[in-house]
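Within every chain, numbering begins at 1; the chains are lettered A, B, ... in the order of the sequence lines, protein sequences first and strands thereafter. Since we're looking at a predicted model, the values are computed, not measured.
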Amino acid sequence: MPLDDRQDRYPFPEIEARWQQTWADGKQFKVTEEPGRPKYYCLEMFPYPSGRIHMGHVRVYAIGDLLARYKWMRGFNVLHPMGWDAFGLPAENAAIDNGVHPAVWTYENIENMRTQLKRMGISYDWDREVATCDPSYYRWEQLVFIRMLERGLAYRRRSRVNWCPSCQTVLANEQVEAGRCWRCDSEVTIREIDGWFFKITDYAQELLDWCDRLPGWPERVLTMQRNWIGRSEGAEFALPVAGRPEVKITIYTTRPDTSFGMTYAVLAPEHPLVDSLAVADEERGRIAAFRAEVARETEIERLATDRPKRGLRLAARAINPFSEQEIPLFLADYVLMGYGTGAIMAVPGEDQRDWDFARAHDLPVIATVKRPAGWPEDQAYTGDGVKINSGFLDGLTIEEAKRKAIDWLVAKGVGQAKINFRLRDWGISRQRYWGAPIPVLYCERDGMVPEREENLPVVLPRDVQISGKGGSPLAEVAGFVNATCPKCGGKARRDTDTMDTFVESSWYFLRYCSPTYDRGMFEPAAAAYWMPVDQYIGGVEHAVLHLLYARFYTKVLRDLGMLKVDEPFRALLSQGMVIKDGAKMSKSKGNVVDPDDLIRRYGADTARLFSLFAAPPEKDLDWNDRGVEGASRFLNRIWRFVHTHLAELNGAVAGRGAAVAGRGEPEASRADTEIEPAGAGRGAAEGEPSEYKKEVTESAGHATSDAGHATSEAGRAFRRVIHATIQKVTHDIEHDFHFNTAISAVMELVNALHDFERASLDGMARPERSALLREAVEATVLLLGPVSPHITEELWAALGHRESLFKRAWPIADPTALARDAVEIVVQVDGRVRGRLTAAVDAQEAEIREKALADGKVRPWLDGRQVAKVVVVPGRLVNIVTRG
RNA sequence: GCCGGAGUGGCGAAACUGGCAAACGCGCCGCACUCAAAAUGCGGUGCUCGCAAGGGCCUGCGGGUUCGAGUCCCGCCUCCGGCACCA
């Protein structure tokens, strides 16, 4: 078929639409569990249905689809699903702004985005699509909520929480970024409010431990999770208050070895013992004023570490149990109630913050670690050293002293070793409408009561006024709030908060295993077959949020006896952002590229090719319109080559000179090149299904009947290029997902194909040439299939194949084709390349050495110099080292 | 401050366990086709000295190890990301 005259481009709109239809009609990517066949669960983070896909989506889905299609070709049973993270605030904000119901808005957006995604030609099993706002979805997380409640893994308490004044709702710690709301960037304030929590802190240690057992995860994500969990080892002990034996302040420290240097102690302003410590009314007044002052600070101010530390000295004094000295007690804003015990021992000698505070308040400093020579006078010392001024700890190392100090506390019965985590429980109540209702009621008689399981789901009511003025909209819906107590049948009120949408995304990958199952969250056998996700792909912005929650939730489900896996995602590919003109694509910066435009102008295959070619997936991708042109040009070049050589290419197989013209309707005889992978034949073991190699090797022999016997020098060289490319592309995909270099290898093959085509016109036997051209073209089409599936399907059909490219096995490099008998060896003199020589692959070192020393290009460089040494690296280079 | 990651042509980027730096693509230059342009094809393209043959210099900076360093070691600088009065 000729190029489209008008555009000089191959007719991608027609081709892409047709193949998308063919795949859909044939349910080609629909999967079911096939016990005994190796599975591959390939998952991209599902999108929030904002209404339109953006380039970031194109990038993730192109990556995921490449892997999914590649694994199909390698014989795996591939689960590749798609769905919608459908609850959330934007829907509600749209309702406030435009008066559209969030449900209407959401489902319209889903329709839109589904159409867009289908135009990308991703190999999803659309029969497994889920939307988290569907009651048949969230009913199961309500059930799990109740089970968690029974186990104490979900609990309700009043607490100081992060509050976004703009979103009018509570935020979890993970959803606050540098004091601002992760979604709307408003400054976060603190509120004391009743709410539900998931006890993720119970899993802190396990979540941390498994960070060391996830080799398929990028190190940077694991590091972020470790930091977030924030484990620290130390000691906790009672700090006596002078003259007040009934008051016991517990302090936490990671440096019990420095206890002798404790010259004062500090309580957080909100510390509950502060009230009982105050003696006079006058002091109570000052405390109240200090607390008010601290409370006025915004989160942002509090985060600034360089600002002077405020403190208030209390009348009460404490006793350092180590030195038995009386020391002053302070309230100070640099001590946080939320970490440790909310009280610290201050050791200005070995802690810079304490040092700064001690300076400002004229407090004594005792050094308990010997300073290295020249240590500045005006700094705390946190380095290593020997203990001094520390009574029974003197002379010990820090580590020894830590242990001995803890032993001493234990012996005295006042303290013990203690491990602390920075991780806080996950606050999941949201004072908003568009979320899953919390399945709990409050009865006048029985108090808080969970809904009965048989009454689930607690359906989110449709009729609701959304004002955005604050307060849970559900509280205004009488028909929802007023209910009967599941326990006594009396009057009860429903909880009117909804769950954080991160709860839905914590298990959607499980729902995909059996999306319509109605007797539980997922069908156990299906989950057992598909889980864990083999490859998860998504943006790094979820490094601690979603990825930590999902890990936690999976462990909870395991402990509830519902699931057998410890971790949901075996491997994670954390893809970079899409950048244009030096900034992340965003409407406000005006640098967005609309995927729809792109696909309309160049086709999905080009959009996918470029986004995979421009950068390795983990790096940020610099969008470049010219680069897209280049990708398009490349596909056109292949198209043109195949169609201008179609007669020769198709004649080659049967060895007939007769041309088979016309696209896609070749003769049936072509079937002999087809591999029909029977279900049984496809794959036995993971990674490299055993019967697979044989099958493909045979096929290679078939498809290249004449080329296999390529005897000319040029023919063998070209065939080596073909098979080296197969090897490289396979390696790049398997080894480190460097699709950019895989694609560049195919580009090189296509360049070599053009060179060969020209060079072989004279002097090469026609059958050999034709067979090699066909072998190269088939390899190109196969290798490029997972990247640009439509054009390759079309070309594959044009080459006479009747079955989809993706039912065909991935090619394997033929070792005989790769074998070479001579290699080029570089000759260096003193590390500089001076000549080259050709030697047999199995040439002995001595032989290479002689050849190198005798080389005409090399000799002048040895003139007047002595050869000191000759380094021979077989198959690579010779370095002649000279002297004089 | 702590923890990660990265610095390579005009640009996006390559370089497996130390072995020809800059593959591939973009851009640019030249040529062919064309009345002309577009498209396409072919060739060139790190910097620098030279008419040329050919030489010298190049992977953020300074040292080191090595026959040989983009890659390993030590010390810096810059940028990006995460965490951050976490005791």
Any-strand Watson-Crick or G-U partner of B:C20, both distances under 3.5 Å: none
For A:Asp755 and B:G41, what is the distance between atoms CG and P respectively, to the nearest whole Å? 12 Å
I would like to know whether A:Glu350 and A:Thr368 meet side-chain hydrogen bond (donor to acceptor under 3.5 Å, both in side chains); could you show each step before the answer? CA-CA 8 Å; A:Glu350 276 85 34; A:Thr368 75; 2.9 Å; yes
So, is A:Arg422 close to the B:A87 phosphate, meaning a side-chain N or O under 4.0 Å from OP1 or OP2? no
B:U40 - base-pair partner by Watson-Crick or wobble geometry, distances under 3.5 Å: B:A32
Residue A:Asp333, side-chain heavy atoms: nucleotide from B:C42, B:G4, B:C85 that is nearest: B:C85
Short side-chain N/O contact from A:Arg758 to OP1 or OP2 of B:C42, under 4.0 Å: yes
Among all residues two or more places apart in sequence or in another chain, which pass the salt bridge (charged side-chain N to carboxylate O under 4.0 Å, His left out) test with A:Arg608? A:Asp65
Counting only side-chain N and O atoms of A:Tyr339, is one of them less than 4.0 Å from OP1 or OP2 of B:A87? yes
Going by number, which of residues 736-745 of chain A have a non-hydrogen atom under 4.0 Å from RNA chain B? A:Asn740, A:Thr741, A:Ser744
Given that both distances must come in under 3.5 Å, which nucleotide forms a Watson-Crick or G-U wobble pair with B:C26? B:G10
For B:G75 and B:C2, measure between their P atoms and round to the nearest Å. 14 Å
Pair A:Arg834-A:Asp855, side chain to side chain contact (heavy atoms under 4.5 Å, CB included): steps then yes or no: CA-CA 10 Å; A:Arg834 299 302 185 190; A:Asp855 189 272; over 6 Å; no
With a cut-off of less than 4.0 Å, is there a side-chain N or O of A:Arg226 near OP1 or OP2 of B:C2? no
Ignoring the backbone of A:Arg637, work out which of B:A13, B:G81, B:G41 is nearest its side chain. B:G41
Just to be sure I understand the rule, does A:Arg834 reach a base, reach only the sugar-phosphate, or reach nothing, if contact means heavy atoms closer than 4.0 Å? sugar-phosphate
With heavy atoms under 4.0 Å as the rule, sort A:Trp861 into base, sugar-phosphate or nothing. sugar-phosphate
What distance, rounded to whole Å, do you find between the two P atoms, one in B:A84 and one in B:G9? 36 Å
Do the rings of A:Phe330 and A:His361 sit parallel, tilted or perpendicular, given the 30° and 60° boundaries? perpendicular
Without placing hydrogens or testing angles, list every side-chain donor-acceptor pair under 3.5 Å for residues 539-546 of chain A, not counting sequence neighbours.
from: A:His546; atom 1: ND1; to: A:Ser505; atom 2: O; distance (Å): 3.4
from: A:His546; atom 1: NE2; to: A:Tyr536; atom 2: OH; distance (Å): 2.7

Tell whether A:Lys309 reaches the base of B:C85 with its side chain through a donor-acceptor pair below 3.5 angstrom. yes
A:Arg876 near the nucleic acid: base, sugar-phosphate alone, or nothing, with a heavy-atom cut-off under 4.0 Å? base
Would A:Asp620 and A:Arg59 pass as an ion pair if we require N to O under 4.0 Å? no
Both distances under 3.5 Å, Watson-Crick or G-U wobble: report the partner of B:C47, or none. B:G56
Tell me what A:Glu219 touches on the nucleic acid: a base, only sugar-phosphate, or nothing, going by heavy atoms under 4.0 Å. nothing
Integer angstrom distance from the P of B:G19 to that of B:C26: 29 Å
Using atom C1' in both nucleotides, what's the gap between B:G30 and B:G82 to the nearest angstrom? 50 Å
On RNA chain B, does the nearest nucleotide to A:Val873 precede the nearest nucleotide to A:Asn624 from the 5' side, or the other way round? Give the residue. A:Val873
Angle class for the A:Phe12/A:Tyr10 ring planes (parallel below 30°, perpendicular above 60°, tilted otherwise)? perpendicular
Hey, does the side chain of A:Arg832 come within less than 4.0 Å of B:C67's phosphate (OP1/OP2), counting only N and O? no
Nucleotide nearest A:Thr253 (side chain, heavy atoms from C-beta), chosen from B:G25, B:C26, B:A87: B:A87
Interatomic distance, A:Lys857 NZ vs B:G54 P [rounded to whole Å]: 7 Å
Relative to the 5' end of RNA chain B, which residue comes earlier, A:Ala614 or A:His735, by the nucleotide with the nearest heavy atom? A:Ala614
Candidates B:C20, B:G19, B:G41 - which lies nearest the side chain of A:Glu824: B:C20
Say we look at B:G25 and B:C76: how far apart would their C1' atoms be, to the nearest angstrom? 35 Å
Ignoring the backbone of A:Gln828, work out which of B:A87, B:U40, B:C20 is nearest its side chain. B:C20
Can you measure A:Lys619 atom NZ to B:G5 atom P for me and round it to whole angstrom units? 14 Å
Nearest listed nucleotide, side chain of A:Asn751, among B:G25, B:C20, B:A87: B:G25
Could you check how far CG of A:Asp855 sits from P of B:C20, rounded to whole Å? 18 Å
What interatomic distance, in whole Å, is found between C1' of B:C16 and the corresponding atom of B:G70? 15 Å
Side-chain N,O (A:Arg220) to OP1/OP2 (B:A6) below 4.0 Å: no
Does the base of B:C67 carry an N or O that pairs as donor and acceptor with the side chain of A:Asn879 under 3.5 Å? yes
Just checking A:Phe357 against A:Tyr264, ring centres under 6.0 Å apart? yes
What's the closest nucleotide to the side chain of A:Met747 if the choices are B:C20, B:A87, B:G25? B:G25
Nearest to the A:Arg640 side chain among B:A87, B:G12, B:G41, which nucleotide is it? B:G41
In whole angstroms, how far is the P atom of B:U40 from the CZ atom of A:Arg9? 9 Å
Whole-Å distance between B:C2 C1' and A:Asp351 CG? 14 Å
Would you call A:Glu399 and A:Lys402 a salt bridge, taking side-chain N to carboxylate O under 4.0 Å as the test? yes
How long is the line joining CG of A:Asp356 and P of B:G1, in whole Å? 13 Å
Look at the side chain of A:Phe613 and decide which nucleotide, out of B:G12, B:A87, B:G4, has an atom nearest to it. B:G12
Describe the nucleic acid contact of A:Gly630 in one word from base, sugar-phosphate, nothing, applying a heavy-atom distance below 4.0 Å. sugar-phosphate
Between A:Arg310 and A:Glu293, does at least one N-O distance fall below 4.0 Å, as a salt bridge requires? yes
Taking the C1' atom of each, how far is B:A38 from B:C77, in whole Å? 49 Å
For B:G4, the nucleotide meeting Watson-Crick or G-U wobble distances (both under 3.5 Å) is B:C80
Looking only at side-chain atoms of A:Trp228, point me to the closest of B:A84, B:G41, B:G19. B:A84
Which base, if any, makes a Watson-Crick or G-U wobble pair with B:A15, both distances under 3.5 Å? none
Could you give the CE-to-P distance, from A:Met224 to B:A84, as a whole number of Å? 13 Å
So, A:Glu236 and A:Lys248, do they make that salt bridge, N to O below 4.0 Å? no
